[in-house]
Amino acid sequence: MHDTLPEDMHLWHTLEDTVRTVFSSYGFEEIRVPVVEKTDVFARAIGDATDVVEKEMYSFEDRNGDWLSLRPEGTAGVVRAVLQNGLLYAAPLRLWYMGQMFRRERPQKGRTRQFHQVGAEVFGAPGPDIDAELLVMCSRIWKRLGLDGLRLEVNTLGTAEERAGYRAELHAFLSDNRESLDADSLRRLDRNPLRILDSKNPEVQGLLADAPVLTDFLGSESRDYFDGFLALLEGFEVPFEINPRLVRGLDYYCHAVFEWITDDLGAQGTVCAGGRYDGLVEIQGGKPWPGVGFAMGQE
């Protein structure tokens, strides 16, 4: 965890003022949620079998025996807040947030255990048009900040049911090739095999070249959704690459997911990432309600 010194504050202010202006121009309103939440808020939303919940959260038991956690990401707390305060039904609801997040990351370049994120969430808009609009908004932020060389990678995760069928096939393939998996992939194999897809191990990536792909398990509605999303990006002249191995590290995503990536930061090159999470509101105790959003790392 690091201090932010006076000599660097002008950079932070420039970033924060820029995103605040762009978000406002798209009709987003700011929300501020607590840094500490009940652990269950994150465990339910993010998924028990994710690295975040398994290894990275700062969690503790308070005097009343309740388990609390420092927030590792922003979306779960925002969903909890809009449900608790009855905000969802002013659809579409456009919210943005900014603040500290905490994960017990392994010490390495580009990773800190207290870090800062800016994020945006939209609730009540079910079509791919809002997914594409968020990426147009991101493009505008990069332009205003003078950032060059960011590339957009996109993929579709389909529905939970489609992923379940794919998960079974992927698990069978990886189990047959267990001797080629590293220790981290073996740990993920039974609990969350999709997370093996973004392994940084070259040998594992070589194996995955022959693995089944999720697009082969998609139904017509999911295919139409993703095709519509891609057509909108093309119409808005937002360049993109389809990465069939792109998965997000949190279980709540579905349909379109995306990452903005730079090659200037080494292995930790993801600048901004997100996607659609239509099941998250229901996971947190609400009615089924569409949602989509992203977060960018301020560091």
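Side chains included, hydrogens not; waters and symmetry mates left out as well; all remaining heavy atoms used. Keep in mind it's a predicted model, so treat the numbers as computed, not measured.
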If you define the side chain from C-beta out and look only at heavy atoms, does anything of [X] sit under 4.5 Å from [Y]?
| X | Y | value |
| --- | --- | --- |
| V79 | F123 | yes |
| P193 | R167 | yes |
| L207 | L174 | yes |
| W142 | C272 | yes |
| L68 | S59 | no |

Check for a donor-acceptor pair, side chain of [X] on one end and backbone N or O of [Y] on the other, with a separation under 3.5 Å.
| X | Y | result |
| --- | --- | --- |
| T112 | Q114 | yes |
| N201 | E203 | yes |
| R32 | Y97 | no |
| T18 | L145 | no |
| T262 | G269 | no |
| R223 | T215 | yes |
| S25 | V22 | yes |
| D66 | D62 | no |
| S185 | L181 | no |
| S139 | L135 | yes |

Exercise. If a pair satisfies ring pair (Phe, Tyr, Trp, His ring centres under 6.0 Å) and one of its residues is in residues 150-185, list it, with sequence neighbours excluded.
Key: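 The answer is Y166-F217.
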Exercise. With R103 as reference, evaluate E73, R71, M57 under the side-chain contact (heavy atoms from CB on, under 4.5 Å) test and give the passing residue.
Key: E73
Practice problem: Using the side-chain contact (heavy atoms from CB on, under 4.5 Å) rule, pick out the option among V122, V19, L95, L93 that qualifies with F28. | Solution: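 Considering V122, V19, L95, L93, a side-chain contact (heavy atoms from CB on, under 4.5 Å) with F28 is found only for V122.
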For [X], I'd like to know if atom [atom1] has over 12 heavy atoms of other residues, nucleotides or ligands within 6.0 Å.
| X | atom1 | result |
| --- | --- | --- |
| E221 | CD | no |
| Q100 | CD | yes |
| E237 | CD | no |

Self-check item: Reported CZ-to-OG distance for the pair F102 and S69, which is rounded to 0.5 angstrom
Solution: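 Output value for this atom pair is 12.0 Å.
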Quiz item: Between atom CG of D8 and atom NE2 of H2, what is the distance when rounded to the nearest 0.5 Å?
Solution: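 NE2 of H2 is found 12.0 Å from CG of D8.
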Distance-only check: which donor-acceptor pairs under 3.5 Å involve side-chain atoms of residues 148-155, not counting sequence neighbours?
unit_1	atom_1	unit_2	atom_2	d
R151	NE	E153	OE2	3.4
R151	NH1	D263	OD1	2.8
R151	NH1	D263	OD2	3.1
E153	OE1	N243	ND2	2.9
N155	ND2	P244	O	3.3
N155	ND2	L246	O	2.8

Practice problem: Salt-bridge test for R94 and E133: reply yes if a basic N is under 4.0 Å from a carboxylate O, no otherwise. | Solution: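 Result for this pair is yes, salt bridge flagged.
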Exercise. Answer yes when R276 and D278 have at least one side-chain N-carboxylate O distance shorter than 4.0 Å, and no when they do not.
Key: yes
Exercise. Apply the side chain to side chain donor-acceptor pair (under 3.5 Å) test between T75 and each candidate in Q117, R80, E121; give the one that qualifies.
Key: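 Single side chain to side chain donor-acceptor pair (under 3.5 Å) partner of T75 among Q117, R80, E121: E121.
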Quiz item: Do N177 and S180 have side-chain N/O donor and acceptor atoms under 3.5 Å apart?
Solution: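 No, no side-chain donor-acceptor contact under 3.5 Å.
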Exercise. Check the angle between the aromatic planes of W96 and F23 and answer parallel, tilted or perpendicular using the 30° and 60° thresholds.
Key: tilted
What side-chain donor-acceptor pairs closer than 3.5 Å can you find for residues 291-299, not counting sequence neighbours?
unit_1	atom_1	unit_2	atom_2	d
Q298	NE2	E16	OE2	3.3
E299	OE1	H116	N	3.0
E299	OE2	H116	N	3.4
E299	OE2	H116	ND1	2.8

Practice problem: For side-chain hydrogen bond (donor to acceptor under 3.5 Å, both in side chains), just list the numbers for E162 and S222, CA-CA rounded to whole Å, side-chain angles, deciding distance to a tenth of an Å, and then say yes or no. | Solution: CA-CA 9 Å; E162 291 160 350; S222 291; 2.8 Å; yes
